[in-house]
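Predicted model only: the values in this text are computed from it and were never measured.
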Number of protein chains: 2
Amino acid sequence: MPRYRITVEYDGGAFSGWQRQDDVPTVQGAIEAAAAHLNNGMPVTLMAAGRTDAGVHATGQVAHFDLEREIEPGTLANALNFHLKPAPVAIVEAALAAPDFHSRFDATGRHYLYRILDRRPPPAYTTGRVWHVSRRLDVEAMNEGAKVLVGHHDFSSFRATECQAKSPMKTLDRLVLARVGEEIHVEASSRSFLHHQVRIMVGTLKLVGEGKWTPADVAAALAARTRAAGGPTAPAEGLVLTRVDYGTAATQPEK
Amino acid sequence: MPRYRITVEYDGGAFSGWQRQDDVPTVQGAIEAAAAHLNNGMPVTLMAAGRTDAGVHATGQVAHFDLEREIEPGTLANALNFHLKPAPVAIVEAALAAPDFHSRFDATGRHYLYRILDRRPPPAYTTGRVWHVSRRLDVEAMNEGAKVLVGHHDFSSFRATECQAKSPMKTLDRLVLARVGEEIHVEASSRSFLHHQVRIMVGTLKLVGEGKWTPADVAAALAARTRAAGGPTAPAEGLVLTRVDYGTAATQPEK
């Protein structure tokens with residue numbers, strides 16, 4: 001059976017997360033239902049690079065699945081998009097993959113964008129795409145705090161208590177904040193992240209931006225290696241999975 | 001009675017346009033209702049720089065109104081935003097204005113952004129904010145076509161048949177297209193625009209981008225001075241009123 005790799009964009013606000021569940025709309029469920037139409041009605045099972053939480057968006061999620069028959073990738077993308085309507089999910093790219101390609105285990109880099117709307121008035125044009133923070137944040141201080149987190153660390157303080165990863169050791173390759181108009185964009189890259197890691201890092205850096213924490217407090221939280229020491233979890237709606245890398249060139253393999 | 005000037009952001013998709021109408025949600029109606037709460041329940045009448053159509057968004061609409069009493073502008077903005085919830089309208093700035101300030105008649109420049117999503121797959125993250133055009137457009141050719149329209153012209157071919165402006169003569173100060181990721185951004189600036197002018201210009205330039213029209217065809221359409229000669233009207237949802245200028249420094253007064 002041929003294997004396909006797809007790049008997926010979605011509005012996370014319309015779904016109870018990526019992972020299939022009974023009786024609630026999920027991204028996986030929507031794409032699997034669309035794919036079954038192209039598989040002689042046979043069920044299709046998707047695996048994704050990142051099982052994003054409810055409310056989290058993607059512009060570059062990657063998933064794979066097998067079909068009974070070979071379909072030209074451009075035709076496959078168009079057909080899936082046809083069957084996905086009107087759900088806010090789009091297959092932005094499709095490709096035939098190697099039979100052993102695995103979207104989750106073969107990923108060598110994951111890239112997230114977190115958007116903060118940093119102004120007094122609430123969002124109206126970007127509703128559902130940003131975390132609204134009324135107070136003016138000190139981005140320079142936040143970048144100092146971010147530097148503390150980059151590198152190979154035990155991220156237990158930045159990990160949801162329900163996180164199922166075997167090890168809390170991760171290598172954070174990049175964590176950079178920049179002001180873009182009225183927004184602050186936080187870009188985070190790693191081979192893989194713990195559950196809620198990006199959102200807890202953002203929630204923690206917001207404390208630094210408000211002057212409630214110093215970068216040294218971030219270092220102390222990291223060293224404490226317990227969730228209680230980290231900052232709050234930033235809301236899902238500001239987060240976007242923008243890209244997944246495959247191939248060793250993209251990032252260093254984790255030790 | 002003190003006069004206030006407000007800068008307004010909204011999601012046009014949630015409203016039947018700016019202008020107050022009975023029984024349908026409008027931006028003017030929503031803000032007037034919010035303002036009445038701050039005016040001892042007395043009705044408030046808003047005037048806006050541009051009465052945007054149904055579906056058209058704004059990040060920098062400007063309006064003015066009078067209140068019975070003086071309120072500190074920051075407090076006014078916060079109070080309006082409080083009463084506007086949960087409608088997707090935000091007062092992003094408020095200021096005390098001169099008693100004779102007029103948001104519509106004093107405006108010396110209006111700036112619009114039109115967003116085209118130029119890719120095969122439909123939008124999922126930017127739904128309702130872009131015009132989806134599947135075919136790859138030639139932005140260079142579109143910019144050549146745009147140059148034809150810049151300047152002082154009779155824009156009858158780029159004007160809705162129901163347009164109520166006395167004269168079709170307008171000075172288009174700027175019309176520039178640029179690729180931004182998968183989008184094409186069209187920026188248009190003028191002291192004032194005719195009804196649907198930006199959307200008809202964009203719909204016409206799309207024909208150029210597809211290779212169906214040449215820039216010379218745009219010139220011919222302009223010279224024909226009749227709506228039938230112009231291209232189709234691009235959808236409302238891609239359009240955003242981004243800024244309104246006041247003061248003679250911003251643009252040359254029209255002859």
Side-chain angles (χ1 to χ4, degrees), chain A residues 6-15 27 30-31 52 56-61 73-94 113 115 117-130 132 134 180-183 237 239-243, chain B residues 6-15 27 30-31 52 56-61 73-94 113 115 117-130 132 134 180-183 237 239-243:
Chain A
I6 53 173
T7 306
V8 188
E9 176 177 305
Y10 46 88
D11 171 3
F15 299 96
V27 184
I31 303 174
T52 52
V56 174
H57 312 289
T59 55
Q61 169 76 286
T75 306
L76 175 63
N78 292 343
L80 287 173
N81 286 329
F82 174 81
H83 288 293
L84 281 164
K85 277 181 192 169
V89 190
I91 310 304
V92 293
E93 208 182 334
L113 166 67
R115 294 170 60 182
L117 180 65
D118 186 23
R119 69 176 193 190
R120 185 69 197 244
Y125 182 68
T126 55
T127 317
R129 299 286 181 276
V130 293
H132 177 223
S134 308
V180 178
E182 293 179 312
E183 297 187 12
E237 61 188 5
L239 190 59
V240 192
L241 174 55
T242 55
R243 202 175 92 216
Chain B
I6 53 173
T7 306
V8 188
E9 176 177 305
Y10 47 87
D11 171 4
F15 299 97
V27 184
I31 303 175
T52 52
V56 174
H57 313 288
T59 55
Q61 169 76 285
T75 306
L76 175 63
N78 293 342
L80 286 173
N81 285 329
F82 174 81
H83 289 292
L84 282 165
K85 278 181 192 168
V89 190
I91 311 304
V92 294
E93 208 182 334
L113 166 67
R115 294 170 61 183
L117 180 64
D118 187 24
R119 69 176 194 189
R120 186 68 197 242
Y125 182 67
T126 55
T127 317
R129 299 287 181 274
V130 293
H132 177 223
S134 308
V180 179
E182 294 179 311
E183 296 187 12
E237 62 187 6
L239 189 60
V240 193
L241 173 57
T242 55
R243 202 175 91 216

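A/T59 places a side-chain heavy atom less than 4.5 Å from the side chain of B/Y125.
Counting heavy-atom pairs closer than 4.5 Å to chain A, the top-ranked of the candidates B/V89, B/T126, B/N78 is B/N78. Looking only at heavy-atom pairs under 4.5 Å with chain B, the residue among A/P121, A/G128, A/A124 that has the most is A/A124. Taking A/D11, A/V8, A/L80, A/V92 one by one and counting their heavy-atom pairs under 4.5 Å with chain B, the maximum is reached by A/V92.
With sequence neighbours left out, A/E93 forms a side-chain contact (heavy atoms from CB on, under 4.5 Å) with A/T7.
The contact between B/R129 and chain A is made by backbone and side chain atoms together, counting heavy-atom distances below 4.5 Å.
Summarising the geometry of A/R119 relative to B/A90, their closest heavy-atom pair is NH2-CB, 4.2 Å, with the distance given to 0.1 Å.
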Donor-acceptor contacts under 3.5 Å from residues 81-88 of chain B side chains, at least two apart:
unit_1 : atom_1 : unit_2 : atom_2 : d
B/N81  : OD1    : B/I91  : N      : 2.7
B/N81  : ND2    : B/A77  : O      : 3.2
B/N81  : ND2    : B/I91  : O      : 3.1

